[in-house]
Amino acid sequence: MIDLRSDTVTQPTMEMRDAMANAELGDDVYGEDPTINLLEEKTAHILGKEAAIFTPSGTMANQLALLAHTKRGDEVLLDPESHIMYYEVGAPAMLAGIQLRPVQGLLGRGAADKLVESYRDPDIHFPNTTLVCLENTFNRGGGTIMGSDEMQKVYKRAGELRLLVHLDGARIFNASTASGCDVKEFTQYCDTLMFSFSKGLCAPVGSILAGSKDFIDVARKYRKALGGGMRQGGVLAAACIVALDKMIERLHEDHRNAKILAEGLAEIKGLKVDLDKVQTNIVIVDTYGTNFESREVLDRLFDRNVKANAFGPYSVRFVTHKDISRKDIEKALGVVKDILD
Ligand code: TLP
C-alpha cells in the first residue's frame with residue numbers, strides 16, 4: 001500500500017525503537033522522567049523559548065495553549081481553515097469556553113492588515129479579544145509557508161493591539177527546512193508554539209508546547225487536568241529526541257517528492273494543481289474537471305493500493321513522508337493516470 005493520506009502514518013525508525021527500549025525513565029507527574037526533562041529542555045532551546053511541555057498530541061498542545069492564554073468568553077482570531085478551527089472537534093468551545101472568530105487571509109500575504117481590519121476596540125457589546133493563532137505550514141492551505149516577514153508584521157501589530165500570538169507549528173520544521181533557515185527565524189515571532197514529532201519527523205507519538213516559564217507552568221496544570229500526565233512517558237520522548245537529532249534534515253526529500261508528484265498530477269487531464277502552493281510535503285488536487293468526486297477518486301485509488309485523503313467534495317490531499325520513496329511516487333502517478341483515463 002502506498003499511503004499518502006498523511007505524514008502522521010510514518011513508522012518509527014529502528015534507532016527510535018532502540019532509544020525507546022533503552023530510555024531512562026521516571027514518573028513525569030513528579031517531574032522525574034529524565035528523558036522527558038531532557039526533551040523539554042532541548043526543544044525549548046532549539047525553539048528559543050524559556051520552557052516547553054511534552055504532550056500526547058498536537059491537538060492537546062493547541063488546546064492547552066488556548067486554556068492557558070484565555071479566560072472563558074474571550075475571543076480568539078484565526079483563519080477559518082486553520083486546524084484549530086477546522087479539525088479540533090470544537091474543543092475551544094468545549095474546554096476553554098471561548099469564541100473563535102474566523103479571519104480569512106490571516107495566513108497569507110497582507111495578514112497583518114487583515115488582523116487590524118478584524119480587530120474590534122473594547123466595547124460593552126464585544127468579547128475581549130486576547131489571542132491570535134497562526135499556522136505554519138498551513139495544512140489546508142496546501143502546506144504553504146507563512147514567511148517570517150509576514151509573521152513579524154502580524155506579531156508587531158498583535159503586540160500593538162495587546163494580543164498574544166500562538167503558532168500551530170505542527171510542521172514548522174518543514175517550513176524552516178524548505179526556507180533554508182533556522183527555526184528561530186519563525187519562532188521569534190510568536191509568544192507560544194506547538195509542533196509535532198509524530199508527523200514528518202516520524203516519532204510514534206508526541207508534540208511539544210513551548211513558551212515562557214510561567215505560561216508552561218499554567219499549561220502543565222491544565223495538561224494534568226485533561227489526563228495528559230504521562231508517568232514513564234520517557235519511552236515516547238526517547239523517540240522524539242531521535243526525531244529532533246536525525247529527522248529534520250531529511251524533510252528535503254519529502255519536499256522534492258511532493259514537487260515531482262504535483263508536477264505529474266498537473267499533467268493529468270482534468271486535474272488542477274496550484275504548483276506555486278506546493279512548497280513543502282503537501283499536494284492538494286482539484287478533481288472537478290475529471291467529473292469524479294474526491295470520494296470516487298479515493299475508492300478507485302484504494303482498489304489499486306494507493307491511499308489519499310478527501311479535502312473537500314472535489315479536493316484530494318496527498319502527503320509525502322519518510323515511508324514514501326521516489327518509486328512510490330512514480331507508481332502512484334501511474335495509478336492516478338490509469339483510474340482517470
Ligand atoms: N493534522 C492531521 C489531521 O488532523 C488533519 C493531518 O493528517 O494533517 N495542527 C496541524 C496543522 C495539523 O496538521 C495537525 C494534524 C494537528 C495540529 C493535530 O495534531 P495531532 O494529530 O497530533 O493531534
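Each ligand, and each atom within it, is numbered from 1 in the order the structure gives.
Here the options are Ile282, Ile284, Thr144, Val319, the test is side chain to side chain contact (heavy atoms under 4.5 Å, CB included), and the partner is Asn139; only Ile282 passes.
Using modelled atom types, one finds no donor on one side chain facing an acceptor on the other under 3.5 Å when comparing Asn174 with Thr137. For His255 and Thr177, the side-chain atoms include no donor-acceptor pair closer than 3.5 Å.
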Pairs under 3.5 Å, nitrogen or oxygen of ligand 1 with protein nitrogen or oxygen:
| from | atom 1 | to | atom 2 | distance (Å) |
| --- | --- | --- | --- | --- |
| ligand 1 | 1 (N) | His83 | NE2 | 3.3 |
| ligand 1 | 4 (O) | His83 | NE2 | 2.9 |
| ligand 1 | 7 (O) | Ser6 | OG | 2.7 |
| ligand 1 | 7 (O) | Arg317 | NH2 | 2.9 |
| ligand 1 | 8 (O) | Asn139 | ND2 | 3.0 |
| ligand 1 | 8 (O) | Arg171 | NH2 | 2.9 |
| ligand 1 | 8 (O) | Arg317 | NH1 | 2.9 |
| ligand 1 | 8 (O) | Arg317 | NH2 | 3.4 |
| ligand 1 | 9 (N) | Asp168 | OD1 | 3.1 |
| ligand 1 | 9 (N) | Asp168 | OD2 | 2.6 |
| ligand 1 | 13 (O) | Asn139 | ND2 | 2.9 |
| ligand 1 | 13 (O) | Arg171 | NH1 | 2.9 |
| ligand 1 | 19 (O) | Lys199 | NZ | 3.0 |
| ligand 1 | 22 (O) | Gly58 | N | 2.8 |
| ligand 1 | 23 (O) | Gly58 | N | 3.4 |
| ligand 1 | 23 (O) | Thr59 | N | 2.9 |
| ligand 1 | 23 (O) | Thr59 | OG1 | 2.6 |

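Ring geometry for Phe195 against Phe173 counts as perpendicular: the plane angle is over 60°, on a 0 to 90° scale with 30° as the lower cut.
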Margin query: Show, in sequence, the C-alpha distance, side-chain angles and deciding distance for Lys199 and Asp254, and conclude whether the salt bridge (charged side-chain N to carboxylate O under 4.0 Å, His left out) test is met.
Written below: CA-CA 12 Å; Lys199 299 196 169 67; Asp254 301 342; over 6 Å; no
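Note on Lys156 versus Glu160: salt bridge recorded, some NZ/NE/NH1/NH2 to OD/OE distance being below 4.0 Å.
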